[in-house]
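First comes the structure, then the notes that go with it.
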Amino acid sequence: MNRAQTPDTEAILLALRERVGGAHVSTDVGQLRIAQADRSGFVSDAAPLCVVYPSDAAEISAVLSFANAQGIPVVTRGAGSGVAGGAMGSTGEIVLSTDRLNRILSVDAQNLVARVEAGVLNGFFNSELKKQHLWYAPDPASRDISSVGGNIATNAGGLMCAKYGVTHDAVLGLTVVLPDGSILKTGRSTAKGVTGLDITSLMVGSEGTLGVVVDATVRIRRAVPGSVITVSAYFDSVTSA
């Protein structure tokens, strides 16, 4: 079942389907309703125009270049696990979902570098790395339901950030599609690299305002043997702590 469409809406949807394929553009009421909310519990006032599910950088580029030319707002949505409303679509907006960007592209166990698409869930990524006695350090509380791309967009932290850093500290390079549809590659694919402007750091934590992350080259680590132990301490005051 699709919601009622105005002639302008029909023209926009037709143009999007021509660019990315009809199966990648949804006006299903259920999908639109999902795109109106995140884990905050809030829901936008009205459904977005549609949800688009591109599967590569070229399709994202086609969507953004079209939306930019038409002046249509685009909301990038990962797993929808955020609690700040950043992925909620509303009236007249295109919601661009990274659900189909779900591949682990490469794992270099020798150099401790991996390349992963934005829609891969953090928990799944780590479960696959575990098979090679490796792991990815960023550890947001939502790791089992949040995507790597969403973690990058929000510069997610987590329980282990004091020792291993936040997401920014694990990201070496990115493939990003800019609002006009240009495809930009930032950073490096090596453990060390200090040349040029640090555009990667600018993108991490930008909440989708500067571009859409397609894939990321990230630093991984060798798994440490032993049990995980949690220690809690309580203090009467900040001074005593």
Side-chain angles (χ1 to χ4, degrees), residues 20 24 26 31 34-40 42 48 51-57 59-61 63-64 74-89 93-107 113-130 134-161 164-177 183-184 186-187 200-201 203-220:
V20 298
H24 291 196
S26 176
Q31 295 299 313
I34 290 171
Q36 284 182 250
D38 64 4
R39 290 274 172 163
S40 68
F42 291 101
V51 183
V52 182
Y53 298 90
S55 57
D56 57 30
E59 290 180 356
I60 295 175
S61 175
V63 173
L64 292 187
V74 176
V75 175
T76 307
R77 184 180 178 89
S81 62
V83 293
M88 292 163 48
E93 297 174 343
I94 296 170
V95 173
L96 192 152
S97 170
T98 61
D99 275 2
R100 293 184 190 233
L101 303 173
N102 55 13
R103 298 177 299 162
I104 298 172
L105 300 172
S106 64
V107 175
V113 172
R115 186 168 167 240
V116 58
E117 289 187 325
V120 173
L121 296 186
N122 185 312
F124 173 75
F125 184 32
N126 261 305
S127 68
E128 292 299 299
L129 290 175
K130 187 177 180 180
L134 302 167
W135 68 297
Y136 177 58
D139 182 42
S142 59
R143 67 186 303 169
D144 289 335
I145 59 171
S146 63
S147 65
V148 172
N151 294 167
I152 291 170
T154 58
N155 195 21
L159 299 177
M160 293 188 287
C161 65
Y164 298 105
V166 294
T167 299
H168 163 271
D169 299 293
V171 179
L172 301 173
L174 297 169
T175 302
V176 180
V177 182
I183 299 174
L184 176 68
T186 76
T200 302
S201 291
M203 292 292 177
V204 176
S206 63
E207 302 267 3
T209 58
L210 300 179
V212 177
V213 174
V214 181
D215 62 64
T217 300
V218 298
R219 190 191 314 277
I220 55 178

Side chains of [X] and [Y] in contact at under 4.5 Å (non-hydrogen atoms):
| X | Y | value |
| --- | --- | --- |
| Arg219 | Val113 | no |
| Ile183 | Val214 | no |
| Phe124 | Val116 | no |

Atom [atom1] in [X], atom [atom2] in [Y]: separation rounded to 0.5 Å?
| X | Y | atom1 | atom2 | value |
| --- | --- | --- | --- | --- |
| Leu174 | Thr186 | CG | OG1 | 4.0 Å |
| Ser61 | Leu184 | OG | CG | 12.0 Å |
| Leu121 | Asn126 | CG | CG | 11.5 Å |
| Arg115 | Leu105 | CZ | CG | 4.5 Å |
| Arg77 | Thr98 | CZ | OG1 | 9.5 Å |
| Leu96 | Glu59 | CG | CD | 10.0 Å |

Under 3.5 Å, is there a donor-acceptor pair between the side chain of Thr167 and the main chain of Ile152? no

Do any side-chain atoms of residues 136-145 form donor-acceptor pairs under 3.5 angstrom with protein atoms, and if so which ones, sequence neighbours left out?
from   : atom 1 : to     : atom 2 : distance (Å)
Asp139 : OD1    : Arg143 : NH1    : 2.4
Ser142 : OG     : Ser146 : OG     : 3.3

If you take all heavy atoms of [X] and [Y], which pair is closest and at what distance?
| X | Y | answer |
| --- | --- | --- |
| Ser26 | Tyr53 | CB-CE1, 3.9 Å |
| Val74 | Leu64 | CG1-CD2, 3.9 Å |
| Val83 | Ser40 | O-CB, 3.4 Å |
| Val166 | Cys161 | CG1-CB, 3.9 Å |
| Pro54 | Ile60 | CG-CG1, 3.5 Å |
| Gly89 | Val95 | CA-CG2, 3.7 Å |

Given Glu117, which of Leu101, Asp56, Ile104 fulfils the side-chain contact (heavy atoms from CB on, under 4.5 Å) condition? Leu101

Which one of Val75, Val51, Val52 satisfies the side-chain contact (heavy atoms from CB on, under 4.5 Å) criterion with Ser97? Val51

Taking only residues two or more places apart in sequence, or in another chain, which ones meet Asp38 in a salt bridge (Lys or Arg N to Asp or Glu O under 4.0 Å)? none

Check whether more than 12 heavy atoms from other residues, nucleotides or ligands sit under 6.0 Å from atom CZ of Arg100, and answer yes or no. yes

Can you tell me which residue pairs pass the side chain to side chain donor-acceptor pair (under 3.5 Å) test with a partner in residues 168-177, sequence neighbours excluded? His168-Ser201, Thr175-Lys185, Thr175-Asp215

